[in-house]
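These numbers come from the heavy atoms of this one structure, side chains and all, not from hydrogens, waters or symmetry mates.
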Amino acid sequence: GYGTNERATIAAATKLDNNTFTITGGAGSVGVQLYNIFKTGGIELTDNTITGADTGMYAFINGGSASVTGGMIDGGTTGVHLTNYLTDYAYSATLAGTVSMSSVTISNNATCVLVEDDALSIEDIILSLGSGVAISGGTTGLSVTGANAKLDNNDLQDAAFSGQSGDYIKLADTALA
């Protein structure tokens, strides 16, 4: 897998293109881990494949942004987990953060995409969906939980949901209220 911490506003953007991350670590494993991303456009993931991780991509974005374009995230408990609170370190985001996704396939995860506002944080965590996002299989397609968990402009664009055994979209704890 890949992990980064503290992409400061003065740092160069990190670009990961055309990689295959095959994770065999089981419970708790992460394909791509983004901690404390301060820089707008700080992380760009393009045409990567992540398979076998318990969490395909974990993103704690703190004032910055990351983008996922193309590729695939398959299998595990959570495909993409966006949050405004870093539980491992009891640390809350100090500014809103955004993750943009387009032309990516997320499949066969119990929850394909989780946008999570922790009660201990006051900052927004925002998912921005562009065109061509396909979410298939698993139990829940998109779960948005908490008042500060946002879907940019409340817009799904042309995201396609298919084959979930539970909810295609689940809103909880005053999400999008």
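Both V80 and V115 are members of a single hydrophobic cluster when ILVMFWY side chains are connected at heavy-atom separations under 4.5 Å. M101 and Y168 end up in the same hydrophobic cluster when Ile, Leu, Val, Met, Phe, Trp and Tyr side chains are linked at under 4.5 Å. Neither L114 nor L156 shares a network with the other; the hydrophobic side chains, linked directly or stepwise wherever heavy atoms of I, L, V, M, F, W or Y lie under 4.5 Å apart, form separate groups for each. By the rule that hydrophobic residues join a cluster once side-chain heavy atoms approach within less than 4.5 Å of another member, I61 and L16 end up as members of one cluster. By the rule that hydrophobic residues join a cluster once side-chain heavy atoms approach within less than 4.5 Å of another member, V113 and M72 end up as members of separate clusters.
Side-chain atoms of Q164 come within 3.5 Å of backbone atoms of S162 as a donor-acceptor pair (strictly under, hydrogens ignored).
Taking CG of D158 as the reference point, atom OG of S102 lies at 10.0 Å (rounded to 0.5 Å). Atom OG of S143 is separated from atom NE2 of H81 by 9.5 Å, given to the nearest 0.5 angstrom. How far CG of L176 is from OG1 of T145: 10.5 Å, rounded to the nearest 0.5 Å. To the nearest 0.5 angstrom, I37 atom CD1 is 7.5 Å from N5 atom CG. Within the model, atoms CD1 of I50 and CD1 of I73 stand 4.5 Å from one another, a figure rounded to the nearest 0.5 Å. Between atom CG of residue D74 and atom OG of residue S107 there is a gap of 3.5 Å, rounded to the nearest 0.5 Å.
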Kindly list each side-chain donor-acceptor pair under 3.5 angstrom involving residues 122-137, sequence neighbours excluded, with atom names and distances?
{"from": "E123", "atom 1": "OE1", "to": "A96", "atom 2": "N", "distance (Å)": "3.4"}
{"from": "S128", "atom 1": "OG", "to": "D152", "atom 2": "OD2", "distance (Å)": "3.3"}

Evaluate the criterion side-chain contact (heavy atoms from CB on, under 4.5 Å) for residue pair V30 and V32; output intermediate values, then yes/no.
CA-CA 6 Å; V30 179; V32 172; 5.7 Å; no

Please test N48 against T20 for side-chain contact (heavy atoms from CB on, under 4.5 Å), starting from the C-alpha separation and ending with a verdict.
CA-CA 6 Å; N48 294 288; T20 298; over 6 Å; no

Stepwise side-chain contact (heavy atoms from CB on, under 4.5 Å) test for T140 and T111:
CA-CA 5 Å; T140 302; T111 299; 4.1 Å; yes

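For the residue pair G41 and A13, the shortest heavy atom distance occurs at O-CB, 3.4 Å. Here the closest non-hydrogen pair linking G141 and C112 is O-CB, 3.2 Å.
Y85 shares a hydrophobic cluster with L120; the chain of contacts runs through ILVMFWY side chains whose heavy atoms sit under 4.5 Å apart.
For the side-chain contact (heavy atoms from CB on, under 4.5 Å) test, no residue two or more places apart in sequence or in another chain qualifies with S103. By the side-chain contact (heavy atoms from CB on, under 4.5 Å) test, Y91 is found to be paired with N36, F60, N62, L86, Y89, T94, residues two or more places apart in sequence or in another chain being considered. The side chain to side chain donor-acceptor pair (under 3.5 Å) test applied to T55 returns no partner, not counting sequence neighbours. The ring pair (Phe, Tyr, Trp, His ring centres under 6.0 Å) test applied to F21 returns no partner, not counting sequence neighbours. Residues that satisfy the side chain to side chain donor-acceptor pair (under 3.5 Å) test with Q157, not counting sequence neighbours, are D155. Shown here are the side chain to side chain donor-acceptor pair (under 3.5 Å) partners of T98, two or more places apart in sequence or in another chain: there are none. Contacts of T77 classified as side chain to side chain donor-acceptor pair (under 3.5 Å), with partners at least two apart in sequence or in another chain: D54.
For residues 26-47, the pairs satisfying ring pair (Phe, Tyr, Trp, His ring centres under 6.0 Å) are Y35-Y58, with sequence neighbours left out. Residues in residues 109-121 take part in no salt bridge (charged side-chain N to carboxylate O under 4.0 Å, His left out) pair, two or more places apart or across chains. Pairs engaging residues 35-49 under the salt bridge (charged side-chain N to carboxylate O under 4.0 Å, His left out) rule: K15-E44 [sequence neighbours left out].
Counting only N and O atoms by type, the side chains of S121 and S92 include a donor and acceptor under 3.5 Å apart.
Checked options L45, I43, I106, V104; the residue passing with M57 is L45 (criterion: side chain to side chain contact (heavy atoms under 4.5 Å, CB included)). Looking at D173, N84, T174 one by one, the single match for side chain to side chain contact (heavy atoms under 4.5 Å, CB included) with N148 turns out to be N84.
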